[in-house]
Number of protein chains: 2
Amino acid sequence: MANIADVAKAAGVSASTVSYVLSGKRTISKETADRVHRAIREMDYRPNAGARALASARTNIIGLVVPLRAGQNVPVVMEFVAAVVTRARSHDHDVLLLTQDEGVDGLRRVAASALVDALIVMDVQAKDPRLTALRSLDTPAVLIGVPERSTGLSAVDLDFAAAGSRAIEHLAELGHRRIGFIGQPPKVYERGTGYAERLLTGLHTAAAEHDVTLSVAPCESSMAGLRASVTQLLDEQPGLTALIVHNESVLPALREVLLERERRLPDDVAVVAICPDDMASSHGIDYTNIAIPADELGTAAVDMVMSRLPGKNSAETRLLAPDLTVRDTTPDLKAR
Amino acid sequence: MANIADVAKAAGVSASTVSYVLSGKRTISKETADRVHRAIREMDYRPNAGARALASARTNIIGLVVPLRAGQNVPVVMEFVAAVVTRARSHDHDVLLLTQDEGVDGLRRVAASALVDALIVMDVQAKDPRLTALRSLDTPAVLIGVPERSTGLSAVDLDFAAAGSRAIEHLAELGHRRIGFIGQPPKVYERGTGYAERLLTGLHTAAAEHDVTLSVAPCESSMAGLRASVTQLLDEQPGLTALIVHNESVLPALREVLLERERRLPDDVAVVAICPDDMASSHGIDYTNIAIPADELGTAAVDMVMSRLPGKNSAETRLLAPDLTVRDTTPDLKAR
DNA sequence: CCACATCGTCGAAGCGCTTCGATTCTCGGG
DNA sequence: CCCGAGAATCGAAGCGCTTCGACGATGTGG
C-alpha cells in the first residue's frame with residue numbers, strides 16, 4: 001500500500017507538498033499539482049485515515065445516535081439515517097452509528113477518544129440525561145428534537161406547534177367545528193416528549209382561535225387501542241366531523257374502525273394525518289397529511305453540525321415549517 | 001485532555017506499561033496494573049482512536065453497507081443493523097455506515113484508507129459487481145445473502161431452500177395438496193436475487209416429494225398487485241387450500257383480498273408466511289411463519305468477520321436453519 | 001552455586017500524516 | 001537598482017499510541 005512518501009518520490013516533490021496539494025491549504029503551482037495528481041492516480045494512493053486523524057485532530061466522522069429499538073416509526077428513522085449519511089458524504093464525512101442504549105457513556109466514549117468530530121443525536125426527550133453530557137463535551141452536537149432547555153446546544157425539528165395549528169386551520173376552513181385528536185401512546189406523553197406536547201399546544205391554540213371544539217385521546221398502536229380512542233372521542237363529541245391523527249401505525253386500520261362506528265371516511269369524518277408522506281398514501285386511501293420531513297431534518301442536522309466544526313460557532317435551534325398536502329381525506333364540504 | 005504519558009507519569013510507570021496494562025499483551029504485576037487503572041480513572045483517560053489506529057493498524061471499526069433506499073423491508077434492515085451494532089460493540093468495535101449508493105468506490109475508499117478493519121455487506125445480489133472488488137481488498141468481508149459464486153468470501157443467510165421445503169412440508173402434513181406461492185415483486189426475480197430463487201428451488205423440490213401441486217405468482221407490493229396474484233393462483237388452481245407468502249407487505253391486506261374471492265382465512269385457505277416474527281403477528285391474525293432472523297444474521301455476520309480479523313482465516317458460508325412457528329393460519333384439518 | 005528461563009518493566013523507534021517555520025525565487029514599486 | 005511582498009516548495013517536528021528488543025531481578029534445575 002502506497003503512502004504519502006511514495007507519492008512524493010514518484011512526483012519528485014516532498015511529502016508536505018503532496019499534503020498541500022490534497023488539502024489546498026497552501027498555493028501549489030499548477031504543474032506540480034498535476035504531477036502529484038498523476039502519481040496519486042497511478043499508485044491508487046489513499047491517505048491513511050488514522051494518520052490523518054492523529055496529525056490533524058479531525059477524523060471526518062460524524063457520530064449518529066439512533067433509537068434502534070424496534071418501534072412503529074422505524075421507516076422514519078431509516079429515512080432520516082439515509083439523509084444524514086448522504087449529506088455527510090457530500091461534506092466528505094462518514095457516519096458512525098451508535099445506539100440509544102449506549103447512552104451517556106457512548107457519547108463520552110466516542111467524543112473523548114476523538115473518534116468523531118461531531119455528534120447528531122436523535123429522539124431527544126424533553127429532559128434528556130444526555131444533554132448535560134453533551135454540554136460538557138467539546139464535540140459539537142446537534143439534537144433532533146427540541147428539549148426543554150437547549151442552551152448551548154443546537155437542535156432541529158419540525159415545528160410541531162405550527163403543525164398542530166395548521167391541521168386545525170385546514171379543517172376549520174373546510175367548515176369543521178368538532179374535531180378529535182388521536183395521539184401517540186400514553187407513555188410517549190408520560191415520558192415528556194417535547195414534540196408531542198408542542199403539537200398539543202398548537203392544536204389547542206388554533207382550536208381556540210377558530211372556535212373549534214377539540215377532544216384529545218392518546219392512542220396505543222394497536223387495533224384495540226384505536227378502538228378505545230375512537231370510542232372515547234365519540235363519547236365526548238358524538239357529532240365530531242374530523243380527526244387529526246398523530247400515530248401512523250393506526251392509519252391502516254382507521255377506516256375499518258370508523259366503519260364499525262358507522263362513520264365513513266372521508267364523507268362522515270375527515271382526517272388529517274401527521275406522518276411521513278409515504279405513509280400517507282399507502283393505506284388504500286390517500287390521507288391528507290402534514291409531512292414529517294425526515295429527509296430535510298437529516299440534511300439540516302448535518303449542515304448545522306458541519307457549520308459548527310471549525311470554531312465554536314454559536315448554537316441555534318431550527319424549526320422547519322410544516323407542509324400540509326391535501327389528498328382524499330379532507331374533501332371540501334362546500335363543494336357538494 | 002490527558003494522554004498516555006500523563007497517565008504514565010501519574011502512575012509512576014512508563015507509557016509502554018500503561019499500554020500493556022490496557023491491552024494485556026504482556027504480563028504486568030497486579031500492583032502496577034492497579035496503580036495504572038486508578039490513574040486512568042482519576043484522569044478519565046481514553047486512548048486516542050486515531051493514534052491507536054495509526055500505531056496498531058487496527059481501527060476497531062467495522063464498515064456496514066446498508067440498502068438505505070426506502071423499501072418494504074425497512075424494518076428488517078433496521079433490525080439487522082441493530083444486531084450488528086450491538087454485537088460489534090460487544091467485540092469492542094464500532095460500526096461505520098455506508099450506503100449501497102457508494103457502491104464499489106465506497107468499499108475501496110474505506111478499505112484503502114484503512115478506515116475500517118472489516119466489511120459487512122447487506123443485500124448481496126446473485127451477480128454482484130462488488131464481489132470482485134471485495135476479493136481484491138485485503139479487508140475481510142462478510143456478505144449477507146449468498147451470491148452465485150462466493151469463492152474467497154464469507155457469507156451468511158437464511159437457508160431459503162430449506163425454508164421453502166419446510167413450508168411445503170408443514171402444509172403437506174396438514175393435508176394440503178394444492179398450494180399457491182405469493183412471491184416478491186417481479187423485479188426481484190429479474191434482478192437475480194439469490195434468496196428468492198433458492199426459496200423457489202426448495203418449494204419445488206418439496207412439492208415434488210410430497211405430491212403437492214404448486215402454483216407460483218410473483219407479487220407487487222400493493223393491494224392491486226396482491227389481487228392480481230391471487231387471481232392468477234386461483235385461475236391456475238381453483239381448489240387450492242393453502243398459500244405460502246414471501247412478501248410481508250401484502251400480509252395486512254391478504255385476509256380482505258381472500259374474502260373478496262370468498263375464501264376465509266384460515267378455514268378455506270391456510271397461510272404460511274415467510275417474514276420476520278414481528279410482522280407475523282401484527283395484522284389482526286397471527287400468521288404461521290418461517291422467521292427471517294435478522295437478529296441472528298447480524299450477530300452471525302459480526303462473529304464471522306471478527307474471526308477473520310487476525311490472520312486470513314478461511315472463508316465460510318453459513319446457512320441458518322429455518323424456524324417455523326405455528327400460529328393461527330395453519331389449523332390442523334384433522335382436528336375438526 | 002551457576003547457567004538459564006521467566007517475569008515485569010522501560011526506552012526508543014516507528015506508524016503516516018499535517019503543519020509550522022524557513023528558504024529560494026520572482027516581480028513590481030519607489 | 002534595491003527592497004519587500006508574495007508564490008512555491010522543503011525539512012523537520014510533532015500528533016499519541018503500539019511494539020520490539022533489552023535489561024535487571026527473581027526463581028529453578030543440574
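Side chains included, hydrogens not; waters and symmetry mates left out as well; all remaining heavy atoms used. Reminder, nothing fancy here: chain letters follow the sequence lines and each chain counts from 1.
Contact annotation: S29(A) reaches the phosphate of dT9(D) (side-chain N/O to OP1 or OP2, under 4.0 Å). Distances shorter than 4.0 Å separate some side-chain N or O of T17(A) from OP1 or OP2 on dC10(D).
Considering CD1 of I40(A) and CZ of R35(A), their distance stands at 12.5 Å, rounded to 0.5 Å.
Protein atom CG of L54(B) is 12 Å distant from nucleotide atom P of dT18(C), rounded to whole Å. Regarding N60(A), its CG atom lies at a distance of 14 Å from the P atom of dC17(C), rounded to whole Å. Between L115(B) atom CG and dC17(C) atom C1' there is a gap of 14 Å when expressed in whole angstrom units. Between the NZ atom of K25(B) and the P atom of dG21(D) there is a distance of 15 Å, rounded to whole Å. Rounded to whole angstrom, the span from the CD1 atom of I28(B) across to the P atom of dC10(C) amounts to 8 Å. To the nearest angstrom, C1' of dC17(C) lies 13 Å from CG of D6(A). Between the P atom of dC15(D) and the CG atom of N48(A) lies a distance of 18 Å, rounded to the nearest Å. Computed from coordinates, the M1(B) CE to dC15(D) P distance equals 16 Å when rounded to whole Å.
Side-chain contact check for H93(B) versus V95(B): every heavy-atom pair is 4.5 Å or farther apart. Considering only heavy atoms from C-beta on, L115(A) comes within 4.5 Å of I61(B) through its side chain.
With hydrogens and angles left out, the side chain of Y20(B) and the base of dC20(D) share a donor-acceptor pair within 3.5 Å. Interface remark: the S16(B) side chain does form a donor-acceptor pair with the dG11(C) base, using a distance-only criterion of under 3.5 Å. The base of dT19(C) does not come close enough to the side chain of R26(A) for any donor and acceptor atom to sit less than 3.5 Å apart.
Among the heavy atoms of the strands lying under 4.0 Å from T32(A) are primed sugar atoms or P, OP1, OP2 only; no base atom is included. Here S56(A) lies in heavy-atom contact (under 4.0 Å) with sugar-phosphate atoms only. Residue-level contact check: S19(A) touches the bases, meaning some heavy atom is under 4.0 Å from a base atom.
Look at D34(A) and K30(A) and you find a salt bridge, because one of the NZ, NE, NH1 or NH2 atoms lies within 4.0 Å of a carboxylate O, short of that distance. In this structure, R318(B) does not pair ionically with D303(B), as no charged nitrogen and carboxylate oxygen lie closer than 4.0 Å.
Nearer to the 5' terminus of DNA chain C, by closest-nucleotide assignment, is the contact made by E31(B) (compared with the other of I4(A) and E31(B)).
Here the nucleotide nearest the side chain of A55(A), chosen from dC15(D), dC17(D), dT9(C), is dC15(D).
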